[in-house]
Colleague: 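Let me begin by handing over the structure; questions about it come next.
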Amino acid sequence: MFSRIAGTGSYLPEKILTNADLEKLVDTNDEWIRTRTGISRRHVVVPGETTTDLAERAARKALEAAGVEPGDVDLICVGTTTPDLVFPNVGTLLQRRLGIHGCAAFSLEAACAGFLYALGVADKFVRLGDAKCALVIGADTLTRIVDWTDRSTCVLFADGAGAVVLQPAKEPGIISTHLHADGKYKDLLLYPDGVSLGFDLMRAGKAGVRMKGNEVYKVAVNTLGQLVTKTLAANGVSQSDLDWLIPHQANIRIIEAIAKRLEMPMEKVIVTIGDHGNTSAASVPLALDTGVRDGRVKRGQLLLLEAFGGGFTWGSALLRY
Ligand code: ACO
């Protein structure tokens, strides 16, 4: 038994923040942001708009694309680091929005690798016969936890959601997923406050994503390079067999470095960072849905998905769409 993606969907908030808008907030400029990151603009939530709002829109589109009803869903697995509430979790809030009851619904935190983690977990449920229609989502509103006075991070992050519906299949589908983490890198990329720390920094107005960008960059390129090589080797697949690389959209230079490692021309890489920014757990399913809906990603093609995020956490999936 395998799982396969039966449908994809995504959603971006309506409000757009351009690099010119950011020039009014911090000492930065369009040229620096574009050349260092590849980002021109990004979508951001407005007051009152939540991660579950974005996840619901993406989920409904994925259900429609898969030709299934909310009532068919028997598992909801959401990768997010920016839940609406401490509890209930985003999966449960989404279940309520969809008007369904009883199925397992949860969220897991793996920063930007959240969707790959959610996909890896849901794939196992389907393979084991414990789910027949799994809704797998990556959704984040990272702009809610960005320090808008820190030019080295606030120009990077954005909001969005992407979703897939997984169903059982006799042939893959998802060929393999590879999930990893190394907590020794905690201090290179983190949000240094939380529930059990008492939110003291947040109350004092001193919280916000902290990142040693240069060091993150080096580890990300090296780690993702090894990950994609390992993913192909584990399946006896050569890079020339790949139709598309669908990478986490953190920085165009990281994406180009991984494409180079795979000897893949950029024409075979789905790149959305220019208009999406870094949407954290949403970035990979947003890129996948973009490629599916504009007709580049076709049924039967071989896709390599990868992501890297705070923790560090990282993961990949090789799949036949
Ligand atoms: N505008 C103008 N100048 C800036 C800005 C800005 N927005 N930000 C930093 N600078 C300046 C710095 O102050 C520094 O100036 P100095 O030389 O006078 O000291 C100079 O630009 C160079 O700074 P670097 O940090 O060395 O810039 P770098 O080329 O490394 O680019 C970046 C920074 C874009 C953050 C890059 O390091 C990067 O993409 N890192 C990886 C990010 C990532 O992959 N994160 C993981 C996923 S995110 C998640 O999990 C939530």
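Note that ligands are numbered from 1 as they come in the structure, with each ligand's atoms numbered from 1 the same way.
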Colleague: Provide the closest heavy-atom pair for Ala118 versus Ile137 in the form atom of the first, atom of the second, distance.
Modeller: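 Taking every non-hydrogen atom into account, CB-O, 4.2 Å.
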Colleague: Can you name the nearest heavy-atom pair linking Val44 to Thr143, along with the distance?
Modeller: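 The pair with the smallest heavy-atom distance is CG1-CG2, 3.6 Å.
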Colleague: Heavy-atom count check: over 12 atoms from other residues, nucleotides or ligands less than 6.0 Å from Lys132 NZ?
Modeller: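 No, because the 6.0 Å sphere around NZ of Lys132 holds 12 heavy atoms or fewer from other groups.
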Colleague: Over 60° means perpendicular and under 30° means parallel, so tell me whether Tyr185 and Phe312 are parallel, tilted or perpendicular.
Modeller: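 Ring orientation, 0 to 90° scale: parallel.
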Colleague: Per the side-chain contact (heavy atoms from CB on, under 4.5 Å) rule, which among Leu242, Leu305, Leu262, Leu318 passes with Val228?
Modeller: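 With Val228 as partner, side-chain contact (heavy atoms from CB on, under 4.5 Å) holds for just one option, Leu262.
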Colleague: Once you restrict both partners to nitrogen or oxygen, which atoms of ligand 1 have a protein partner under 3.5 Å, and how far apart are they?
Modeller:
{"residue": "ligand 1", "atom": "1 (N)", "partner": "Thr28", "partner atom": "OG1", "Å": "2.6"}
{"residue": "ligand 1", "atom": "3 (N)", "partner": "Trp32", "partner atom": "NE1", "Å": "3.4"}
{"residue": "ligand 1", "atom": "7 (N)", "partner": "Thr28", "partner atom": "OG1", "Å": "3.0"}
{"residue": "ligand 1", "atom": "7 (N)", "partner": "Arg151", "partner atom": "O", "Å": "2.9"}
{"residue": "ligand 1", "atom": "13 (O)", "partner": "Arg151", "partner atom": "NH2", "Å": "2.9"}
{"residue": "ligand 1", "atom": "21 (O)", "partner": "Trp32", "partner atom": "NE1", "Å": "3.3"}
{"residue": "ligand 1", "atom": "26 (O)", "partner": "Asn214", "partner atom": "ND2", "Å": "2.7"}
{"residue": "ligand 1", "atom": "27 (O)", "partner": "Arg36", "partner atom": "NH1", "Å": "3.3"}
{"residue": "ligand 1", "atom": "29 (O)", "partner": "Arg36", "partner atom": "NH1", "Å": "2.6"}
{"residue": "ligand 1", "atom": "29 (O)", "partner": "Arg253", "partner atom": "NH2", "Å": "3.2"}
{"residue": "ligand 1", "atom": "30 (O)", "partner": "Asn214", "partner atom": "OD1", "Å": "3.3"}
{"residue": "ligand 1", "atom": "37 (O)", "partner": "Gly213", "partner atom": "O", "Å": "3.0"}
{"residue": "ligand 1", "atom": "39 (O)", "partner": "Asn251", "partner atom": "ND2", "Å": "2.6"}
{"residue": "ligand 1", "atom": "40 (N)", "partner": "Gly213", "partner atom": "O", "Å": "3.1"}
{"residue": "ligand 1", "atom": "50 (O)", "partner": "Gly310", "partner atom": "N", "Å": "2.8"}

Colleague: I'd like a table of donor-acceptor pairs (distance under 3.5 Å, sequence neighbours excluded) in which one partner is a side-chain atom from residues 194-215, with atom names and distances.
Modeller:
{"residue": "Arg203", "atom": "NH2", "partner": "Gly198", "partner atom": "O", "Å": "2.4"}
{"residue": "Arg210", "atom": "NH1", "partner": "Asp147", "partner atom": "OD2", "Å": "3.3"}
{"residue": "Arg210", "atom": "NH2", "partner": "Lys206", "partner atom": "O", "Å": "3.3"}

